[in-house]
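To find a chain, count down the sequence lines: A is the first, B the second, and so on, and within it residues start at 1.
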Number of protein chains: 2
Amino acid sequence: MQAISKEEKAKEEILLQAQKLFQQFGLKKTTMDDLASACSKAKSTLYHYFKSKHEVFDAVIDLEMTSLQAIIQSKVAEVDTISEKLTIYIITFHAEVTKMANLYRIIQNELAHEAFTHKQFRRMFSFEQAYISKLLQEGIDKNEIKEIDSDEIDWFAEMLIAAFFGVVQHSIESDNGLDHEKLTKTANRLIPRFIT
Amino acid sequence: MQAISKEEKAKEEILLQAQKLFQQFGLKKTTMDDLASACSKAKSTLYHYFKSKHEVFDAVIDLEMTSLQAIIQSKVAEVDTISEKLTIYIITFHAEVTKMANLYRIIQNELAHEAFTHKQFRRMFSFEQAYISKLLQEGIDKNEIKEIDSDEIDWFAEMLIAAFFGVVQHSIESDNGLDHEKLTKTANRLIPRFIT
DNA sequence: AATCGACTAAAAAACGAAATTAGTCGGTAA
DNA sequence: TTACCGACTAATTTCGTTTTTTAGTCGATT
């Protein structure tokens, strides 16, 4: 049983403050000095824990993604069939991404063309794709899904995720359009039809 | 029977040259002087036909969108059932947008945050949404689709288009990923399931 | 109506100086 | 060692200014 080390504790605190600052001011407007004083530490101390500002930001995004994924997985675990799981997946995904829309906007607005944003996004995409692949594979094993060859699963999942993301993105960008209720209704009605 | 007026002829020529230049150099790097000399006209003459550079660009986009739509509609008209029509829709849409990917990249890269790009995009989105709504309505009238209320059609179409766009966008951005063949395969298999 | 050349006003590019800021280093305390 | 700091530097960003480019106008000509 390993207690949380002093180092972990400090890192956590730094990331927590960084999360707050990034959410409020964005990446560019948040300086390492700001972060240092928010943590009541000298700036140079931060470099004891992270080797660059970039790494801090990456770690914050990681944190966000991990918590998103944890929420999704716990919700998905509550139901049994693939059909339900996929439905819950998109509904939860939509709800949570909407909640963290401010962070999403930072990424969209001030980082749209940065190479590392694309990297982060692809990482997320691949991750979600792998997760959906896993769900589909389980569906095949339990005989709930037919008509999909095992070697087609990956790009089938790829397409599903791309479609999901398209819907979620549209929903965030057009504030008047699709709301959560409509999404839920449609997801509940459509997704079961895929699964046969 | 109205012959093409001198004015129309000149406008056409200007737009043709503008189309070439925008494709090659993007919007910012193409100056009105460039366009003028490409048309072998004085710059001030261009303002006889278009009241701003903006208007020229808008007209080019319009041209592009109109031709895209014409291609889609002609393909869609070749088949009979809604299911086939929707399938052909996304396949054709994907193929054509991939072809004009350079223009798409201009918009993504140098105009991502410009307000009027969003306007153009929304215009396109609404247009396509209306078109899909129309197709769905026909499907209901011909009794090929059940289980959709008429008043739900609009946001059902909205979601479909958002999903379609998500897939196409993903396909363009990740050059290694989904190819046309996979898309066709999946579209052929999935879309018919919606329609019942 | 269509065209042009000359003009203007506004925006963008160029540039150097000043100020910020990311990241380093040597040292200190525990 | 590990966690920390203050002082430093090198790299960026910002800012103010000048110059250049470019969108758009105007009056004249055919």
Side-chain angles (χ1 to χ4, degrees), chain A residues 2-22 24-61 106 109-117 120, chain B residues 2-22 24-61 106 109-117 120:
Chain A
Q2 181 129 11
I4 300 162
S5 71
K6 205 101 190 279
E7 178 169 1
E8 288 303 316
K9 193 91 184 157
K11 273 193 161 185
E12 236 171 65
E13 168 67 9
I14 293 169
L15 288 179
L16 183 72
Q17 297 301 329
Q19 202 168 19
K20 279 190 200 165
L21 289 171
F22 287 147
Q24 196 173 356
F25 303 112
L27 177 64
K28 287 182 209 154
K29 289 284 176 198
T30 303
T31 72
M32 289 299 268
D33 282 308
D34 292 341
L35 180 56
S37 60
C39 301
S40 310
K41 290 193 192 317
K43 182 175 59 167
S44 51
T45 305
L46 302 182
Y47 288 87
H48 194 70
Y49 297 99
F50 299 93
K51 70 171 191 287
S52 69
K53 184 180 177 182
H54 226 90
E55 203 178 275
V56 176
F57 186 72
D58 275 7
V60 170
I61 298 285
I106 289 173
N109 291 333
E110 56 173 325
L111 302 175
H113 296 151
E114 311 282 331
F116 84 102
T117 305
Q120 286 280 9
Chain B
Q2 180 129 12
I4 299 164
S5 71
K6 205 101 188 277
E7 178 170 1
E8 288 302 316
K9 193 95 183 151
K11 273 193 162 187
E12 235 171 65
E13 167 67 8
I14 293 169
L15 288 180
L16 184 73
Q17 297 302 328
Q19 202 168 20
K20 280 190 199 167
L21 289 171
F22 287 146
Q24 197 173 355
F25 303 111
L27 177 64
K28 287 182 209 157
K29 289 285 176 198
T30 302
T31 71
M32 289 300 269
D33 282 307
D34 292 341
L35 180 56
S37 60
C39 302
S40 311
K41 289 193 191 318
K43 182 175 58 167
S44 51
T45 305
L46 301 183
Y47 287 87
H48 193 72
Y49 298 98
F50 298 93
K51 72 170 190 287
S52 70
K53 183 180 177 181
H54 227 91
E55 203 177 276
V56 177
F57 186 71
D58 274 8
V60 170
I61 299 284
I106 290 172
N109 292 331
E110 57 173 324
L111 302 174
H113 297 151
E114 311 281 333
F116 83 102
T117 304
Q120 285 280 8

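Here the range on DNA chain D touched by chain A, meaning any atom under 4.0 Å from one of its heavy atoms, is dA3(D) to dG6(D).
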Would you tabulate the nitrogen or oxygen pairs shorter than 3.5 Å linking the protein to nucleotides 25-30 of chain C?
none

What nitrogen or oxygen pairs link the protein and nucleotides 18-20 of chain C at under 3.5 Å?
none

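When rounded to the nearest whole Å, the span between CG of Leu46(A) and P of dT21(C) equals 15 Å. One atom, CG of Leu21(A), and another, P of dT21(C), lie 13 Å apart when rounded to the nearest Å. Protein atom NZ of Lys53(B) is 21 Å distant from nucleotide atom P of dA9(C), rounded to whole Å.
Taking 4.0 angstrom as the limit, His48(B) places a side-chain polar atom (N or O) nearer than this to OP1 or OP2 of dA2(C). Note on Tyr47(B): every side-chain N or O is 4.0 Å or more away from OP1 and OP2 of dT3(C).
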Which pairs of donor and acceptor atoms, one on a side chain in residues 37-49 of chain A, lie under 3.5 Å apart (sequence neighbours left out)?
from: Ser37(A); atom 1: OG; to: Asp33(A); atom 2: O; distance (Å): 3.3
from: Ser37(A); atom 1: OG; to: Asp34(A); atom 2: O; distance (Å): 3.1
from: Thr45(A); atom 1: OG1; to: Ala42(A); atom 2: O; distance (Å): 3.4

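For Lys51(B), the side chain to side chain donor-acceptor pair (under 3.5 Å) partners two or more places apart in sequence, or in a different chain, are Glu55(B). Judged as a salt bridge (Lys or Arg N to Asp or Glu O under 4.0 Å), and not counting sequence neighbours, Glu13(B) has no contacts. Take Gln24(A) and apply the side chain to side chain contact (heavy atoms under 4.5 Å, CB included) test, not counting sequence neighbours, and it matches no residue. With sequence neighbours excluded, no residue forms a side chain to side chain donor-acceptor pair (under 3.5 Å) with Glu7(B). For Phe22(A), the ring pair (Phe, Tyr, Trp, His ring centres under 6.0 Å) criterion is met by Phe57(A), not counting sequence neighbours.
Rounded to 10 degrees, the angle between the two end axes of the helix from dA1(C)-dT30(D) to dA30(C)-dT1(D) is 40°, with five pairs used at each end.
Leu21(A) and Leu35(A) get closest at one heavy-atom pair: CD1-CA, 3.7 Å.
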